[in-house]
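What follows is a short report on a single structure.
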Amino acid sequence: MNRGYSRCSTNEGKQDINRQVRELKAAGAEVVYMEYEHGDAKVKNQQQAMFTESEAGDTIIVLEVSRLARSTQQLCEIIEIIRGKRLRLVIVGSITVDCSNGEIDPMTNAFIQMSGVFAE
């Protein structure tokens with residue numbers, strides 16, 4: 001299943017999350033998890049639900065890395081979830097991290113290692 005994740009840092013009266021939802025659906029998301037939560041929040045309930053409900057082989061789609069994580073540490077933690085659950089992460093127009101076999105695909109792993117974002 002393709003699962004999209006959209007997040008705005010302020011409530012629906014101040015930011016329109018619908019643009020993200022439309023773009024995620026256009027990118028193939030069958031289900032979109034919507035969240036109004038500050039990016040630095042330790043707990044993001046909808047993000048947590050998305051990862052809990054995801055099954056091996058599913059794809060997580062986000063429009064920007066900043067919608068998913070706001071720090072290198074958060075991104076590394078999410079990549080570990082992706083790897084452990086054997087998921088694919090698609091950051092639209094940017095990068096795909098394919099861990100469907102339980103490991104990060106070699107090309108993405110090389111890119112991540114060169115960028116210094118994630119060290120094993």
Side-chain angles (χ1 to χ4, degrees):
M1 174 174 279
N2 294 336
R3 301 171 188 273
Y5 178 71
S6 59
R7 185 188 58 75
C8 287
S9 56
T10 60
N11 67 34
E12 59 246 45
K14 294 184 180 181
Q15 285 186 313
D16 180 13
I17 204 166
N18 293 323
R19 176 194 60 82
Q20 289 181 54
V21 173
R22 284 190 306 274
E23 291 182 25
L24 288 165
K25 287 183 177 181
E30 300 163 75
V31 175
V32 177
Y33 296 78
M34 297 181 289
E35 187 135 64
Y36 290 94
E37 185 62 72
H38 192 275
D40 292 335
K42 293 280 186 204
V43 176
K44 296 181 186 83
N45 292 323
Q46 290 301 303
Q47 186 181 88
Q48 201 167 40
M50 176 185 64
F51 286 129
T52 299
E53 295 168 15
S54 294
E55 299 176 358
D58 284 359
T59 298
I60 305 300
I61 305 169
V62 296
L63 297 178
E64 305 166 5
V65 72
S66 65
R67 298 300 94 205
L68 191 63
R70 293 297 289 243
S71 70
T72 302
Q73 180 180 350
Q74 283 180 350
L75 182 58
C76 289
E77 290 167 0
I78 288 169
I79 289 172
E80 281 302 315
I81 293 168
I82 297 292
R83 185 190 329 224
K85 293 202 77 163
R86 296 177 174 255
L87 306 173
R88 288 179 67 234
L89 170 63
V90 174
I91 302 170
V92 176
S94 182
I95 190 170
T96 297
V97 179
D98 188 350
C99 296
S100 56
N101 70 355
E103 294 298 323
I104 297 174
D105 64 278
M107 285 299 287
T108 303
N109 194 38
F111 174 77
I112 291 171
Q113 294 298 324
M114 286 188 306
S115 69
V117 170
F118 184 72
E120 295 202 57

**Q.** Close side-chain approach of Cys8 and Gln20, heavy atoms under 4.5 Å
**A.** yes

**Q.** Distance (rounded to the nearest 0.5 Å) between Lys25 NZ and Asn2 CG
**A.** 13.5 Å

Q: Would you check if Leu89 and Leu68 make a side-chain contact, meaning some heavy-atom pair closer than 4.5 Å?
A: yes

Q) Between Ile82 and Val97, which heavy-atom pair has the shortest distance, and what is it? A) CG2-O, 4.3 Å

(Q) Quick check against the 3.5 Å criterion: does Glu35 have a side-chain atom that pairs as donor or acceptor with the backbone of Gln46? (A) yes

Q | From CD1 (Ile79) to CD (Gln74), nearest 0.5 Å | A | 12.0 Å

Q | Side-chain H-bond candidate by donor/acceptor type, Thr96 with Asp98, under 3.5 Å | A | no

Q: Kindly indicate, with the supporting measurements, whether the criterion side chain to side chain contact (heavy atoms under 4.5 Å, CB included) is fulfilled by Arg70 and Arg7.
A: CA-CA 12 Å; Arg70 293 297 289 243; Arg7 185 188 58 75; 3.7 Å; yes

Q) Which heavy atom of Ala29 sits nearest a heavy atom of Gly4, and at what distance? A) CB-N, 3.7 Å

Q: Could you tell me which non-hydrogen atom of Leu87 sits nearest to which non-hydrogen atom of Glu55, and how far apart they are?
A: CD2-O, 3.1 Å

**Q.** Ile78 CD1 to Arg83 CZ distance, which is reported to the nearest 0.5 Å
**A.** 14.0 Å

(Q) Please give me the minimum heavy-atom distance between Leu24 and Ile61, naming the atom from each residue. (A) CD2-O, 3.3 Å

Q: For the residue pair Ser66 and Glu64, confirm or rule out a side-chain donor-acceptor distance under 3.5 Å.
A: yes

Q: May I ask you to test the Glu53-Val31 pair for a side-chain heavy-atom distance under 4.5 Å?
A: no

Q. Within the distance-only criterion (no hydrogens, no angle test), does the side chain of Ser6 pair as donor or acceptor with the backbone N or O of Tyr33 below 3.5 angstrom?
A. yes

Q.
Donor-acceptor check, side chain of Arg86 to backbone of Asn101, threshold 3.5 angstrom: yes or no?
A. yes

Q) Of the non-hydrogen atoms in Lys44 and Tyr5, which two are nearest, and what is the gap between them? A) CD-OH, 3.6 Å

Q) Which is it for Val92 and Glu23 under the side chain to side chain contact (heavy atoms under 4.5 Å, CB included) test, yes or no, and what are the steps along the way? A) CA-CA 9 Å; Val92 176; Glu23 291 182 25; over 6 Å; no

Q) Is the side chain of Arg3 donor-acceptor paired with the backbone N or O of Phe51 at a distance under 3.5 Å, no angle test? A) no

(Q) Using every non-hydrogen atom in the two residues, find where Ile104 and Cys99 come nearest and quote the distance to one decimal. (A) CG1-SG, 3.6 Å

Q. Mind checking whether Ser54 and Ile60 have side chains closer than 4.5 Å, heavy atoms only?
A. yes

